[in-house]
Protein chains: 2
Amino acid sequence: MKFEAVTIKDIAKALGLSTSTVSRALRDSHEISAETKQLVLECAEKLNYRPNPIALSLKEKRSRSIGVVVCEIANTFFSQVINGIESIAYDRGYNVIVSQSRESYEREVIDLQFLASRSVDGVIISLSTETTDLTHIKALHARGMPIVLFDRIHDDIDTHKVIVDNYRGAYDATEHFIKQGFKRIAALAGSEFLSITAERLAGYHDALKAHNISYSKEYVQHCFYGGMVFSEVEEAMNKLLTLKQKPDAVITTSDKLTTGCVKTLKRRGLDIPKDMALIGFSNSDIAELVDPPLTVIRQPAEEMGRAATELLLQLVESKRPVKDFEKRVLTPELLIRGSAIKS
Amino acid sequence: MKFEAVTIKDIAKALGLSTSTVSRALRDSHEISAETKQLVLECAEKLNYRPNPIALSLKEKRSRSIGVVVCEIANTFFSQVINGIESIAYDRGYNVIVSQSRESYEREVIDLQFLASRSVDGVIISLSTETTDLTHIKALHARGMPIVLFDRIHDDIDTHKVIVDNYRGAYDATEHFIKQGFKRIAALAGSEFLSITAERLAGYHDALKAHNISYSKEYVQHCFYGGMVFSEVEEAMNKLLTLKQKPDAVITTSDKLTTGCVKTLKRRGLDIPKDMALIGFSNSDIAELVDPPLTVIRQPAEEMGRAATELLLQLVESKRPVKDFEKRVLTPELLIRGSAIKS
DNA sequence: ATGAAAGCGCTAACAG
DNA sequence: CTGTTAGCGCTTTCAT
């Protein structure tokens, strides 16, 4: 059941005018007399008239809403990004429709289809961990849907992108370890197919190289679902902890991995940083309260959301097809705390 | 710029049929011959036809989308609730439009108007801390908009509600303190006008009463913005810490207050639980990693979101006006950890 | 079994 | 300055 809304027709009827006159009066057209406008406005006010945006959308072929696809809403990083997205969208009069892929390729495809079929004006997306085939995105993009990628991006899609300097973040973290005197630095990373994983591991590798520290392959462990499945983290940590040359420090490349790693170490009664030091990508507000306070690489998540939305709306509202796409790279912050201090 | 979608008209033209026939064939009407159906379906497939939901919405006066208003998306509790909402909405073919009031009454009003004007089929809302006047919600509800309240609810609005047993949660927490031997138990609460504050403080008071523990008014401090503004928390804590009879334990009634309280205590170099024990409402996934591990009252946030959505869709899809409203009360969980153990 | 036409709410080209 | 008309994409009588 739904309430009957007041339409332009009702006003026209009440005033003995035509709908077009009312429409024009409402839109403050110059070809309407001041008195008529006055009359219409008053009547609209009295009847509590609200324009029907759906009718408008049908005409204008735009819905003033944007879609967002993330792997998980209840994740500090992504919820902060969505916060940023919402704030800009709100300012510009757009609605934000959120959906989550739950790291499933299949769901990402469906989500995107769903959003497209619901006539969102554009989409902001961070790829799911399972996504290797990009045809669903390319197809949508080719059909003219404005798309902005953030965080987990892909070079094959030619559009605006927003990321942080993942390489730098990981490089600095690794270097911090090295300067602290850690020798055997491991990495607990997400799926190898994810852009962020590649970028972060590249930073890690290069920092080691730059300081002439050799690293063995076993020092890099991947969790395909990036910590969504806890057992995955435990298993990966198990591998690291049972190496002959046990690492003395570890870099974790995502929020979930970071907390998963801390949990695992604690459950095993290991001391951070004595048994293993830790620096993790994390946007948790309470990383500093953890025992020990966590050294984190923090992303300007809200700002990423805002930037992505601004770029998207730029595409959406552009009159002519945009050719030049921008890759905006924000700077992550290395917040040094107890978990990465050599004892 | 926007891509041109294939319409029913295109199919009709391609097949030399009328739009009505195509429409009927697509909807598998019995008054269409099998061959025609076949033809239409194939053509639709070939042209990659997608029904335009906006046109449908205009006709059916429903949009298959629901609106959500929370004070802040980037808050563990609310993001978990939204996760739950999204999961059910997804299953039932609805989109979720999120907006945040940022604890502002004004924004809540605008958000709600915006959602209503965008023809959402229903709204799930948790009141902002500033909200005392409910006319915006009542008006919308009176006009027939299905509404479900959760978390911060209000008795004056007669509709479905989903909360946890806040009284019980606070009661149990307080009693836990008492049984541990804490004598001077304070409370750091949100705005007094919030239902959750009232309910939680009632549990706190009653537990004290039941154990014949007197309490002074000064033991209850309110932060109007519930920890959104950190200085507010510091100030409130300051008041507690400078009392002659300094409390030896404190209950915090929301996520933000809990972390704010821990931060304040740590910054002052105070020991938890020795100088002050703590139990807080919190849905953080890493409360157990904090130093000391936080004793928390955890709400089944995702389940709350799911329940709210189920109730909302029940209203949305009901043929006749619903009269009997349900208040679903879920059970919070008291997770006992180091922060509330008497040393 | 199929088509013509009206209508959902709104705008805009075209007439006066 | 205002009204008439057509049309956005789709469904649904009402004819045929």
Side-chain angles (χ1 to χ4, degrees), chain A residues 1-41 43-44 47-65 93 116-121 143-144, chain B residues 1-41 43-44 47-64 116-121 143-144:
Chain A
M1 54 138 298
K2 207 64 207 296
F3 55 93
E4 291 308 316
V6 176
T7 77
I8 222 170
K9 217 168 166 180
D10 298 317
I11 301 180
K13 206 175 291 172
L15 260 41
L17 290 170
S18 77
T19 57
S20 35
T21 305
V22 174
S23 169
R24 278 186 278 242
L26 255 16
R27 331 199 72 240
D28 200 29
S29 159
H30 54 274
E31 42 186 0
I32 298 289
S33 74
E35 318 152 55
T36 311
K37 274 183 194 169
Q38 178 69 9
L39 229 54
V40 170
L41 255 23
C43 183
L47 298 182
N48 192 30
Y49 167 79
R50 297 273 170 267
N52 180 334
I54 293 198
L56 260 174
S57 297
L58 183 57
K59 256 204 109 53
E60 297 182 356
K61 298 180 182 313
R62 62 197 307 249
S63 60
R64 287 204 158 265
S65 62
S117 85
R118 296 315 264 284
S119 308
V120 292
D121 294 339
R143 274 166 52 208
Chain B
M1 55 139 296
K2 207 66 209 295
F3 56 93
E4 292 307 316
V6 176
T7 77
I8 220 169
K9 217 168 163 178
D10 299 318
I11 302 180
K13 205 174 294 172
L15 260 41
L17 289 171
S18 77
T19 58
S20 32
T21 305
V22 175
S23 169
R24 277 186 278 242
L26 254 16
R27 331 202 72 241
D28 201 27
S29 159
H30 55 275
E31 42 186 1
I32 298 290
S33 74
E35 319 150 56
T36 311
K37 274 184 196 169
Q38 178 68 10
L39 230 54
V40 170
L41 256 23
C43 183
L47 298 182
N48 192 29
Y49 166 79
R50 297 273 170 264
N52 179 333
I54 294 198
L56 260 174
S57 296
L58 183 58
K59 259 207 107 56
E60 296 180 358
K61 297 180 183 313
R62 62 197 308 250
S63 59
R64 288 205 160 263
S117 86
R118 296 315 265 286
S119 308
V120 292
D121 294 338
R143 274 166 50 209

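Of all heavy-atom pairs spanning R64(A) and D121(A), the tightest one is N-OD2, 2.6 Å.
Regarding E35(B), its CD atom lies at a distance of 10 Å from the P atom of dA1(C), rounded to whole Å. Per the geometry, NZ belonging to K9(B) stands 14 Å off P belonging to dA5(C), to the nearest Å. Atom CG of L56(A) and atom P of dG9(D) are 15 Å apart (whole Å). Between the P atom of dA1(C) and the CD atom of E31(B) lies a distance of 8 Å, rounded to the nearest Å. As a whole-Å value, the separation of L17(B) CG from dC10(D) P is 15 Å. In this structure, CD1 of I11(A) is placed 8 Å from P of dC10(C), rounded to the nearest angstrom. Atom CD1 in I32(B) sits about 8 Å away from atom P in dG3(C), given to the nearest Å. Look at NZ on K59(B): it is 7 Å from P on dT12(D), rounded to the nearest Å.
Remark: the S20(B) side chain and the dA4(C) base include a donor-acceptor N/O pair separated by less than 3.5 Å. Under 3.5 Å, the side chain of R24(A) and the base of dG3(D) form at least one donor-acceptor pair of N or O atoms.
Among the protein residues, I54(B) comes within range of no part of the nucleic acid, since none of its heavy atoms lies under 4.0 Å from any strand. Using a 4.0 Å heavy-atom distance criterion, S57(A) is classed as making no nucleic acid contact. Looking at heavy-atom distances under 4.0 Å, R27(A) makes contact with sugar-phosphate atoms alone, never a base.
R118(B) places a side-chain N or O within 3.5 Å of a backbone atom of S63(A) that can act as its donor or acceptor partner. Side-chain atoms of K61(A) do not come within 3.5 Å of backbone N or O of S119(A) as any donor-acceptor pair. A donor-acceptor pair is defined here as one N or O able to donate and one able to accept, closer than 3.5 Å; such a pair exists between the side chain of S33(B) and the backbone of T36(B).
In this model, the phosphate group of dC1(D) is not approached by any side-chain N or O of T21(A) to a distance below 4.0 Å at OP1 or OP2. For S23(B), no side-chain nitrogen or oxygen approaches OP1 or OP2 of dG9(D) to under 4.0 Å. Taking side-chain N and O atoms only, S33(A) has no distance below 4.0 Å to OP1 or OP2 of dC1(D).
Along DNA chain C, the nucleotide closest to G16(B) and the one closest to T7(A) are compared, and the more 5′ of them pairs with G16(B).
Annotation: the span from L47(A) atom CG to L15(A) atom CG amounts to 8.5 Å, rounded to 0.5 Å.
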